[in-house]
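The structure appears below as structure tokens.
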Amino acid sequence: MLIISCCTRFQAPSSIRISVVRRRNHSQTHSFCCFAHENSSSSQNQMEQSNLSANTVMDHPRALTDKITQIRIAGPSKFQVIADFDATLTRYRVNGLRGQTSHGLLQQGDAYYDAKRQALYDHYHPLEISPVIPIDEKTKLMEEWWSKTHELLIEGGLTYAAIKKSVANSSIAFREGVTELFEFLEKKEIPVLIFSAGLADVIEEVLRQNLHRTFKNVKIVSNRMVFNDDGQLVSFKGKLIHVLNKNEHALDMAAPLHDQLGVDTGEEDEENANMKQRTNVLLMGDHLGDLRMSDGLNYETRISIGFLNDNIEKSLESYREAFDVVYLNDAPMWGALELVSQLFSTEAS
């Protein structure tokens, strides 16, 4: 049986206090720690922060403190955020049920093609999660899956209207604190790269409908659609991005959020070159494989946050060893917001 206990401490927001967490698993005891912070004097906020601390695990607090110091010294001009989308920025569960993904929510408006895409999922998903298929073979299978899915979307005549309707009818929602995190980073002119093996245009529509705005500092690295004048999908732009190759080698495909669906500004080359000079990184993901998202960036210091949403007892050991900070049980984004606000709390806006 897994037991996690936490001692919570509060202090002024000018620094970070780390308190010890003990995890007892049978006869072994490991020391972790958790952030504890105070942004408000209200007892309700303190209770929320305490609950978050109880779902926060770290394995090497001293190493994390060293990274925080190095990033603070370098300043926000050297910093960027890389985040997975599904089950990282979005909630794993919505109203007690598994939330939809940006790819899974899409309905073409044609039951025949929706069924064919579901059949592809039923065939390839077990291969994706198989522990016995070599990575090279699995990569080819994922390329097959994504290519066939994209072909069905084109053949089935996917439209703008179908994307908007699919998002409106979906059970996808952002974690609490995502809007505040994006706003803080935008104010500090810190770029955010959203990596996804899904569909960039769908992700943009999810942002529009759920956050009700775009952010000038947010870019998406994902599969981007090309529509004709009638609003019908005719092709995909650039390299195919699937679950096994979504890393910063694909940075050249990064595009800012469009004000309107399908509108490409074509002004991202210079900005992407600048992003490669930002060698301090906050990386957020919900799978161990998400740690590879920064593989193409020659970073100096990286802080990694892992969201462990399910199968906690089975996966906690590997997550706590791989990530600098692990948030459990579909936790909100307040911890990540507190971390970046601590990193640059004294910097001018």
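Here the structure is a predicted model, which is why all the values come from computation and not from measurement.
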(Q) Can a donor-acceptor pair be found, under 3.5 Å and without considering hydrogens, that links the side chain of S304 to the backbone of D324? (A) yes

Q. So, the side chain of N228 versus the backbone of G231: is there a donor-acceptor pair under 3.5 Å, distance only?
A. yes

Q.
Tell me whether R117 forms a cation-pi arrangement with Y113, defined as NZ or CZ under 6.0 Å from the six-membered ring centre and within 45 degrees of its axis.
A. no

Q | Enclosure of Q232 CD (heavy-atom neighbours >12, cutoff 6.0 Å) | A | yes

Q. Does any N or O in the side chain of S294 come within less than 3.5 Å of the main-chain N or O of L297, such that one atom is a donor and the other an acceptor?
A. no

**Q.** Single-linkage hydrophobic cluster V94~Y92, side-chain heavy atoms < 4.5 angstrom
**A.** no

Q. Are side-chain heavy atoms of I163 and L106 found at a separation under 4.5 Å?
A. yes

Q.
Let me confirm one number: the CD1-CG distance from I133 to L127, rounded to the nearest 0.5 Å.
A. 4.5 Å

Q: Heavy atoms only: give me the nearest G198-N223 pair and the separation to one decimal.
A: O-ND2, 2.9 Å

Q | side-chain contact (heavy atoms from CB on, under 4.5 Å) evaluation trace for V81 with V281 | A | CA-CA 6 Å; V81 175; V281 178; over 6 Å; no

Q. Does R278 use its side chain to pair, donor to acceptor, with the backbone of P191 at less than 3.5 Å?
A. no

Q: In plain terms, say whether R98 and D310 are close enough for a salt bridge, that is, a side-chain N and a carboxylate O under 4.0 Å apart.
A: no

(Q) Take a 6.0 Å sphere around CG of N298 and say whether it holds more than 12 heavy atoms from other residues, nucleotides or ligands. (A) no

Q. Rounded to the nearest 0.5 Å, how far apart are OG1 of T88 and OH of Y327?
A. 13.5 Å

Q.
Ignoring hydrogens and geometry beyond distance, is a side-chain donor-acceptor pair present between D122 and Q118 at under 3.5 Å?
A. yes

Q: Examine distances only and state if a side-chain atom of N245 and a backbone atom of H242 form a donor-acceptor pair shorter than 3.5 Å.
A: yes

Q. Do you know the tightest heavy-atom contact between D84 and G285?
A. CB-CA, 4.1 Å

Q: Using the six-membered ring wherever Trp is involved, compare the ring planes of H150 and H103 and label them parallel, tilted or perpendicular (cut-offs 30° and 60°).
A: parallel

**Q.** Gap between atom CD of E186 and atom OG1 of T179 - 0.5 Å precision
**A.** 11.0 Å

Q: In sequence, state the C-alpha distance, the side-chain angles, and the governing distance for E128 and V243, and then conclude on side-chain contact (heavy atoms from CB on, under 4.5 Å).
A: CA-CA 9 Å; E128 175 193 352; V243 70; 3.6 Å; yes

(Q) Counting neighbours of CD on Q209 that are heavy atoms of other residues, nucleotides or ligands and sit closer than 6.0 Å, is the number greater than 12? (A) yes

Q) Between N309 and D286, is any pair of side-chain heavy atoms under 4.5 Å apart? A) yes

Q. Near K165 NZ, under 6.0 Å, is it more than 12 heavy atoms from other residues, nucleotides or ligands?
A. no

Q. Does the separation of the ring centres of F227 and Y160 fall below 6.0 angstrom?
A. yes

Q.
Working to the nearest 0.5 angstrom, can you tell me the gap between K138 NZ and Y124 OH?
A. 14.0 Å

Q: Quick one: closest heavy-atom pair of H287 and F323, and the distance?
A: O-CZ, 3.6 Å

Q. Got K188 and L185 here, is their nearest side-chain heavy-atom distance under 4.5 Å?
A. no

Q) With hydrophobic residues grouped by side-chain heavy-atom distances under 4.5 Å, do F184 and L211 end up in a single group? A) yes

Q: Supply the atom-to-atom distance Y299 OH to L282 CG, rounded to the nearest 0.5 angstrom.
A: 12.5 Å

Q | Ion pair R175/D330, N-O distance below 4.0 Å | A | yes

Q: Kindly give the heavy-atom pair with the smallest separation between S102 and L199, and that separation in Å.
A: OG-N, 4.5 Å

Q: Identify which one of N280, T65, T301 satisfies the side chain to side chain donor-acceptor pair (under 3.5 Å) criterion when paired with Q70.
A: T301

Q: Please check if L240 and L152 belong to a single hydrophobic cluster, counting links between Ile, Leu, Val, Met, Phe, Trp and Tyr side chain heavy atoms closer than 4.5 Å.
A: yes

Q | V234-M225 co-clustered via ILVMFWY side chain contacts under 4.5 Å | A | no

Q: Treat each ILVMFWY residue as a node, draw an edge where side-chain heavy atoms are under 4.5 Å apart, and state whether Y121 and L244 are in one component.
A: yes

**Q.** Test side-chain contact (heavy atoms from CB on, under 4.5 Å) applied to L193 and M275, step by step
**A.** CA-CA 9 Å; L193 279 182; M275 300 266 296; 3.2 Å; yes

Q: Report yes if the side chains of I220 and F85 come closer than 4.5 Å at any heavy-atom pair, otherwise no.
A: no

Q | Aromatic F236 / basic R224 pairing, under 6.0 angstrom, 45° off normal | A | no

Q | Sub-4.5 Å side-chain heavy-atom contact between I312 and N329 | A | yes

(Q) Are the side chains of L64 and I303 in contact, using a 4.5 Å heavy-atom criterion? (A) yes

Q) Going by an N to O cut-off under 4.0 Å, is there a salt bridge joining K67 and E300? A) no

(Q) Would the distance check show the side chain of S130 and the main-chain N or O of P126 forming a donor-acceptor pair, the cut-off being under 3.5 Å? (A) no

Q.
For a side-chain contact (heavy atoms from CB on, under 4.5 Å) check, start with the C-alpha distance between E176 and M333, then their side-chain angles and the critical distance, and finish with the verdict.
A. CA-CA 6 Å; E176 292 182 8; M333 195 60 69; over 6 Å; no

Q.
How long is the straight-line distance from OG of S222 back to CD1 of I241, given to the nearest 0.5 Å?
A. 6.0 Å

**Q.** Lys/Arg N to Asp/Glu carboxylate O, E205 vs R208, below 4.0 Å
**A.** yes

Q. Quick one: are M284 and L181 in side-chain contact, heavy atoms under 4.5 Å?
A. yes

Q) A74 and K78: which non-hydrogen atoms are nearest, and at how many Å? A) O-CG, 3.9 Å

**Q.** 4.5 Å side-chain heavy-atom contact, L339 and I305
**A.** yes

Q) Do you know the tightest heavy-atom contact between Q108 and G157? A) NE2-N, 4.5 Å

